[in-house]
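All of these numbers come straight from a predicted model, not from anything done at the bench.
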Amino acid sequence: MLKGSKVGLRARHEDDIPILRAELYDDPVYSSRAGNRPWRPVAPGTKDPRLVVDDTDVVAVLCHYGFVLRGLHRLQIETLADNVAMLRAAGRNGFVREGVLRSSAWVMGEFLDQVLLGLLAEEWKPAS
């Protein structure tokens, strides 16, 4: 298990699936904003690999995983320009805004900008 100060990342358990489906994929607006594919209902009993937990502390845990455990040199995040929570979480973890992909995401009938953020291993400051 990977642990942050407020979140732990572990493999999904079968008991998690109904909650994740209800919170993430039964809402067409949220689902459309969270992914780059059109929303489609998830049939009950479907083994859907998209059912994952998201939290701002996840960014710090994934930075640790990428830099310490995997030895990566650079991490990158692409998110919608109005995703304030993700932009804040990335910024708190040292990510730098590198650019804007104008009108690059088709979401709910309109094109939206995406923000590209990057973090190099030598810039990363792990949480103590």
Can you tell me which residue among Leu117, Val59, Thr56 is in a side-chain contact (heavy atoms from CB on, under 4.5 Å) with Met86? Val59
Same cluster (ILVMFWY, side-chain, under 4.5 Å), Leu116 and Val84: no
Could you please spell out the steps behind the side-chain contact (heavy atoms from CB on, under 4.5 Å) verdict for Ile77 and Val115? CA-CA 8 Å; Ile77 294 173; Val115 176; over 6 Å; no
Measure across Leu80 and Ala105 and return the closest heavy-atom pair with its distance rounded to 0.1 Å. CD2-CB, 3.6 Å
Please identify each residue that fulfils ring-ring contact (aromatic ring centres under 6.0 Å, His included) with Tyr65, with sequence neighbours left out. none
With clusters built from Ile, Leu, Val, Met, Phe, Trp and Tyr whose side-chain heavy atoms come within less than 4.5 Å, directly or transitively, what are the remaining members of the cluster of Phe111, listed by chain and number? Trp106
Met1 and Leu9: side-chain contact (heavy atoms from CB on, under 4.5 Å), yes or no, with the steps? CA-CA 6 Å; Met1 176 186 273; Leu9 299 179; 5.7 Å; no
Calculate, to the nearest 0.5 Å, the distance between atoms CG and CG belonging to Leu112 and Asn83 respectively. 11.0 Å
Sequence neighbours left out, what pairs pass side chain to side chain donor-acceptor pair (under 3.5 Å) with at least one residue falling in residues 89-103? Arg74-Glu98
Honestly curious: do Trp124 and Leu2 fall in one hydrophobic cluster under the side-chain, below-4.5 Å linking rule? yes
Clusters formed by hydrophobic residues whose side-chain heavy atoms approach within less than 4.5 Å: which one holds Val96, and what are its other members? none
Of the non-hydrogen atoms in Leu75 and Leu62, which two are nearest, and what is the gap between them? CD1-O, 4.3 Å
Value rounded to 0.5 Å, distance of CG in Leu72 from CG in Leu119: 11.0 Å
Residue pairs, two or more places apart or on separate chains, that pass salt bridge (charged side-chain N to carboxylate O under 4.0 Å, His left out) and touch residues 59-72: none
Quick one: side chain to side chain donor-acceptor pair (under 3.5 Å) pairs with a partner in residues 109-121, sequence neighbours left out? Ser104-Gln114
Do Pro126 and Phe67 have side chains that get closer than 4.5 Å, going by heavy atoms? no
Applying side-chain contact (heavy atoms from CB on, under 4.5 Å), run through Asp16 and Arg10 and close with a yes or a no. CA-CA 11 Å; Asp16 298 335; Arg10 61 165 171 76; 2.9 Å; yes
